[in-house]
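This is a predicted model, so every value here is computed, not measured. The chain is numbered in sequence order, starting from 1. Just so you know, these numbers use all the heavy atoms, side chains as well, and skip hydrogens, waters and symmetry mates.
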Amino acid sequence: MIMLLSQDEFEYTTDLLYDWISHLGGNVIRVNGIELLNKSEFSIDFDSTKKKLIFKNLKIDEINVIWYRRWLGKYVFSKNADENIFLKKEFRSLSQYFFSCFPSNRWHNFDSYQYDYASKSKQLHQACKVGFKIPDSLITNSKEQLINFVKRNSSVIMKPIGDIETFYDKKKHKSFAPFTERVNLNDIENFDTYFFPTLFQKEIKKKFELRVFFDKGDIFSMAIFSSTNLETEIDFRQYDDKKPNRNVPYQLNKEVEGMITKFMKAVNLQTGSLDLIFSENNEIYFLEVNPLGQFGMVSSPCNYYIEKKLAEKLIKIDNEK
């Protein structure tokens with residue numbers, strides 16, 4: 001049996017993958033994180049030498065392959081802030097116990113509850129080691145250090161150190177997220193002497209951006225022509241709905257694909273969405289990898305049918321085991 005681990009809302013990728021597996025005749029079950037809280041009876045019995053799991057009639061030995069997407073989303077455990085923090089930590093520990101019931105060799109890709117994904121700083125370091133060019137980068141809380149960095153690189157951008165978090169405004173029915181932005185000396189004049197540590201990078205002038213989805217050796221690449229649009233020239237995620245970017249399939253050469261494969265192995269990722277830049281000097285720069293990045297945005301415009309191909313791969317693994 002194939003088990004998909006996901007969240008119950010805003011997870012269209014999991015929906016499509018489940019539908020493809022079912023359509024192709026696969027044996028699949030989907031488990032959303034919220035079900036451990038209030039949807040189904042749940043317990044783990046430690047009285048015997050093996051953990052006994054009682055949940056949705058799951059039998060551990062029948063789960064042959066596990067695909068992890070996300071788990072709980074923006075669930076609020078309590079309106080009391082301190083209590084919410086405590087219960088969030090409790091749920092993390094609960095999830096770790098739940099995931100540990102399943103042998104490590106059954107996981108198609110590792111979850112973020114038992115395994116810490118590589119930080120952006122580690123990603124940049126490993127990308128260099130496998131041969132990628134990276135932008136000149138600095139993490140600092142110092143106004144003086146930042147001024148020197150901007151003077152040295154002329155055009156500089158700022159971005160989050162960790163993963164992008166989205167924030168949903170229920171009143172406006174819109175999602176918000178931090179984006180990559182350009183920063184200059186005039187901006188820095190208003191900074192405090194010391195500010196919250198932030199990642200700064202030299203801005204690489206680009207011909208186009210590359211979004212690459214990697215799944216255990218399979219590579220799907222898309223070129224995003226975002227540089228000629230003022231809305232998206234710094235960050236294509238600041239989508240221009242009136243004048244969308246042109247997205248087309250792109251074939252990476254074998255050398256770059258080899259570096260991607262080596263990099264993913266170095267950071268212990270089985271799947272992920274990589275952001276690269278094809279510069280005006282015809283060089284490819286590594287920016288980052290999102291272990292849980294959406295691949296629908298690559299699959300649909302390029303007609304890759306990644307969801308179908310991934311479903312076929314999971315069904316094959318299930319049948320072989």
Indicate whether the side chain of [X] and that of [Y] have a donor and an acceptor atom separated by less than 3.5 Å.
{"X": "Arg182", "Y": "Asn184", "answer": "no"}
{"X": "Ser119", "Y": "Ser121", "answer": "yes"}
{"X": "Gln114", "Y": "Ser100", "answer": "no"}
{"X": "Ser137", "Y": "Gln201", "answer": "yes"}
{"X": "Trp71", "Y": "Ser6", "answer": "no"}

Please work out whether the ring planes of [X] and [Y] are parallel, tilted or perpendicular, with thresholds of 30° and 60°.
{"X": "Trp107", "Y": "Phe102", "result": "perpendicular"}
{"X": "Phe286", "Y": "Phe132", "result": "tilted"}
{"X": "Phe208", "Y": "Phe278", "result": "parallel"}

Exercise. If you measure from CG on Asp116 to CG on Asn268, what distance do you get to the nearest 0.5 Å?
Worked result: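 Asp116 atom CG to Asn268 atom CG measures 11.0 Å (nearest 0.5 Å).
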Exercise. Rounded to the nearest 0.5 Å, how far apart are CE of Met222 and CG of Leu210?
Worked result: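 The CE atom of Met222 sits 9.0 Å away from the CG atom of Leu210.
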Problem set entry | Close side-chain approach of Glu35 and Asn32, heavy atoms under 4.5 Å |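 With C-beta onward as the side chain, the pair touches.
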Exercise. Can you find a heavy atom in the side chain of Trp20 that is under 4.5 Å from one in the side chain of Leu310?
Worked result: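 Not in contact.
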Exercise. Going through the checks in order, is the side-chain hydrogen bond (donor to acceptor under 3.5 Å, both in side chains) test met by Thr13 and Glu307?
Worked result: CA-CA 8 Å; Thr13 297; Glu307 296 85 0; 5.5 Å; no
Does a salt bridge link [X] with [Y], judged by any charged N lying under 4.0 Å from a carboxylate O?
{"X": "Lys159", "Y": "Glu288", "result": "yes"}
{"X": "Glu280", "Y": "Lys207", "result": "no"}
{"X": "Lys143", "Y": "Asp192", "result": "no"}

List the atom pairs, with distances to 0.1 Å, where a side-chain N or O of residues 84-94 and a protein N or O form a donor-acceptor pair under 3.5 Å, not counting sequence neighbours.
{"unit_1": "Asn84", "atom_1": "OD1", "unit_2": "Phe77", "atom_2": "N", "d": "2.7"}
{"unit_1": "Asn84", "atom_1": "OD1", "unit_2": "Ser78", "atom_2": "N", "d": "3.2"}
{"unit_1": "Arg92", "atom_1": "NH2", "unit_2": "Ser112", "atom_2": "O", "d": "3.1"}
{"unit_1": "Ser93", "atom_1": "OG", "unit_2": "Lys89", "atom_2": "O", "d": "3.4"}

Exercise. Nearest heavy-atom pair of Cys302 and Val248: which atoms, and what distance?
Worked result: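 Taking every non-hydrogen atom into account, SG-C, 3.7 Å.
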For this session: Quick one: which residue pairs count as a salt bridge (charged side-chain N to carboxylate O under 4.0 Å, His left out) with a foot in residues 215-226, not counting sequence neighbours?
Result: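 Salt bridge (charged side-chain N to carboxylate O under 4.0 Å, His left out) check on residues 215-226 returns Asp215-Lys313, Asp218-Lys313.
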Exercise. Should the heavy atoms of other residues, nucleotides or ligands under 6.0 Å from OH of Tyr97 be counted, would the total exceed 12?
Worked result: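 Counting neighbours around OH of Tyr97, 12 or fewer heavy atoms of other residues, nucleotides or ligands fall under 6.0 Å, so no.
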Problem set entry | Identified ring pair (Phe, Tyr, Trp, His ring centres under 6.0 Å) partner of Phe110 from the options Tyr117, Phe99, Trp67, Tyr115 |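 The ring pair (Phe, Tyr, Trp, His ring centres under 6.0 Å) with Phe110 is passed solely by Tyr115 among Tyr117, Phe99, Trp67, Tyr115.
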